[in-house]
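To start, the structure itself, in structure tokens.
Order of the sequence lines fixes the chain letters, A, B, ..., with proteins taken first and strands second; residue numbering starts at 1 for each chain. Model, not experiment: these values are computed from the prediction.
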Number of protein chains: 2
Amino acid sequence: MATRTDAPTRREQILKEAARLFAERGFHGVGVDEIGAAVGISGPGLYRHFAGKDAMLAELLVGISESLLTGAKRRLAEANGAGGVAPGAVLDSLIEGHIDFALDDRPLITLHDRELDRLRDADRKLVRQLQRQYVELWVAVVRRLYPDLTEPAARSAVHSVFGLLNSTPHLTRPGSLPDRAGTAELLHRMARGAFAAAGA
Amino acid sequence: MATRTDAPTRREQILKEAARLFAERGFHGVGVDEIGAAVGISGPGLYRHFAGKDAMLAELLVGISESLLTGAKRRLAEANGAGGVAPGAVLDSLIEGHIDFALDDRPLITLHDRELDRLRDADRKLVRQLQRQYVELWVAVVRRLYPDLTEPAARSAVHSVFGLLNSTPHLTRPGSLPDRAGTAELLHRMARGAFAAAGA
DNA sequence: CCTCCAGGTTAACGACCGCTAACCTCCCTG
DNA sequence: CAGGGAGGTTAGCGGTCGTTAACCTGGAGG
């Protein structure tokens, strides 16, 4: 099991800093020396923890996709286990989970739809499969709430709402944005409004 | 004036292919030899048309920002010239313009919010200033339509709707998306719905 | 017909980058 | 108290990349 409350592992430090740097300057724009410097070691010391630069990106992207999908499945199961919650409440739960992720792990959300093509074939296929499962899970919930939506329209709507929710990195002129709770609530309302408009 | 209906200039060919490649693989992920090959010349021949790789990116990003801002100003002037159109109609016009751009110049819309940090300081400041003017123009229109929105909230809402509208590149599993008109209309409805929900 | 330049070509340079090799140094363990 | 592995270090190799240099060529203009 992973150490969650302990002090962060070296590996975890490296992944966190790598995510930040990749998001800021792009995968090819960051050198291994910079990543090392960000955690206090220098250059090739990283190779004691990762097979290479590609492996860091792969672990980040797979981790993100798995985390999103796992969280969504858990929320869906909780709703179903609670004896048939209203479809709107399930959608609210999915939206809330996605917003939490987007606000708490901004660099990861940026990487998630930006550096996918830098992966080796096997990893890219895995990430895409996880992403597709995540999308299809949303599509099913949205169509249950708005049965008039065709499946392609629902899928487009879901992708568009992801674009809306993932826009938080662009609000990052630090100090100028409202508080976290207010931002989360605004994004949530807008996402619901967008779906409602799509389903009409 | 630029040649619009004539055969495209070499410069224009290069810019178009560079935009596509930068959007696909990132600025640092594309070599000058590839850009040259994409227009039938090879490698250093590009330096007869541009001062360097950076100059191509700069011209692309400045062009995008200017084009978006100019179009929005024109639409606003048309509305004001027509003797006070309803605020909702002005917002519709802005949304329509942005959607046209996002659907017709997908690679450019991708570059626009992804490779800004690769610019030299002067160019980056110019692009950011143009982008800010574009955002503020939207914010003013949105606040006229939804006066209860605070300015920070309106700005966040505008950025979020940009995220929604700019999500079109993610729908590009070619052949699977509905027709252009249908996509445009869906995006338009969702954007209006998101704004309406934000303003409540 | 000569000239000249716009727009190419190939060769090559210098910088950088990912990665490996070789070595060092704690610290934990038997 | 050996000793050995985990986790560093620096040096350096091989490849790639952006850019420059030097040269070539076809076609327009006097």
Side-chain angles (χ1 to χ4, degrees), chain A residues 2-3 6-61 111 114-124, chain B residues 2-3 6-61 111 114-124:
Chain A
T3 66
D6 301 357
T9 302
R10 237 310 115 87
R11 281 188 112 256
E12 292 168 338
Q13 288 181 43
I14 295 171
L15 284 176
K16 185 183 162 195
E17 295 301 315
R20 185 179 55 81
L21 290 167
F22 289 160
E24 281 175 7
R25 301 213 283 281
F27 179 68
H28 293 297
V30 181
V32 290
D33 291 356
E34 299 177 74
I35 303 174
V39 298
I41 73 182
S42 229
L46 298 169
Y47 287 76
R48 297 288 166 193
H49 304 277
F50 294 94
K53 200 181 153 195
D54 300 354
M56 299 181 210
L57 183 64
E59 189 156 329
L60 284 170
L61 291 183
L111 285 185
R114 189 166 299 195
E115 305 286 356
L116 181 60
D117 299 326
R118 266 49 111 196
L119 257 49
R120 292 205 329 275
D121 271 23
D123 293 320
R124 191 172 56 248
Chain B
T3 65
D6 301 357
T9 301
R10 228 326 106 87
R11 280 188 113 255
E12 292 168 337
Q13 287 181 44
I14 295 171
L15 283 176
K16 185 183 162 194
E17 295 302 314
R20 183 179 55 81
L21 290 167
F22 289 160
E24 280 174 10
R25 302 212 282 281
F27 179 68
H28 293 296
V30 181
V32 290
D33 290 357
E34 299 178 74
I35 303 174
V39 297
I41 74 181
S42 226
L46 297 170
Y47 286 75
R48 299 286 166 191
H49 304 277
F50 294 93
K53 200 180 154 195
D54 300 354
M56 298 181 210
L57 182 66
E59 189 157 329
L60 283 170
L61 291 183
L111 287 185
R114 188 166 300 196
E115 306 286 356
L116 182 60
D117 299 325
R118 266 49 111 196
L119 257 49
R120 292 205 327 274
D121 272 21
D123 293 321
R124 189 172 58 247

Just wondering, do B:Ile14 and B:Leu46 contact through their side chains at under 4.5 Å, heavy atoms? yes
Minimum side-chain heavy-atom gap B:Leu60-B:Glu115 below 4.5 Å: no
Closest heavy-atom pair and its distance - B:Met56, B:Ala18: SD-CB, 4.5 Å
Taking side chain as C-beta onward, heavy atoms only, is B:Arg48 less than 4.5 Å from B:Ile41? no
Integer-rounded Å distance: D:dG18 C1' and B:Ile14 CD1: 16 Å
So, does B:Arg10 use its side chain to make a donor-acceptor pair with the main chain of B:Val39 at under 3.5 Å? yes
Please list, in numerical order, the residues of residues 41-55 of chain B that have a heavy atom closer than 4.0 Å to any atom of DNA chain D. B:Pro44, B:Tyr47, B:Arg48, B:Gly52, B:Lys53
Please report the distance, rounded to the nearest Å, between CD in B:Glu12 and C1' in C:dG7. 17 Å
Figure out the CZ/P separation between A:Arg120 and C:dG18, and round it to whole Å. 17 Å
Mind calculating the distance between CG (B:Asp33) and C1' (D:dT19) to the nearest angstrom? 11 Å
Starting from C1' on D:dC17, measure out to NE2 on A:His28 and report it in whole angstrom. 12 Å
Whole angstroms only, please: what is the CZ-P distance between B:Arg11 and C:dG7? 11 Å
Which part of the nucleic acid, if any, lies within reach of A:Val30 when heavy atoms closer than 4.0 Å are counted: base, sugar-phosphate only, or nothing? sugar-phosphate
How close or far is atom P of C:dC17 from atom CZ of A:Arg118, stated in whole angstroms? 17 Å
Stepwise side chain to side chain contact (heavy atoms under 4.5 Å, CB included) test for B:Leu111 and B:Phe27: CA-CA 9 Å; B:Leu111 287 185; B:Phe27 179 68; over 6 Å; no
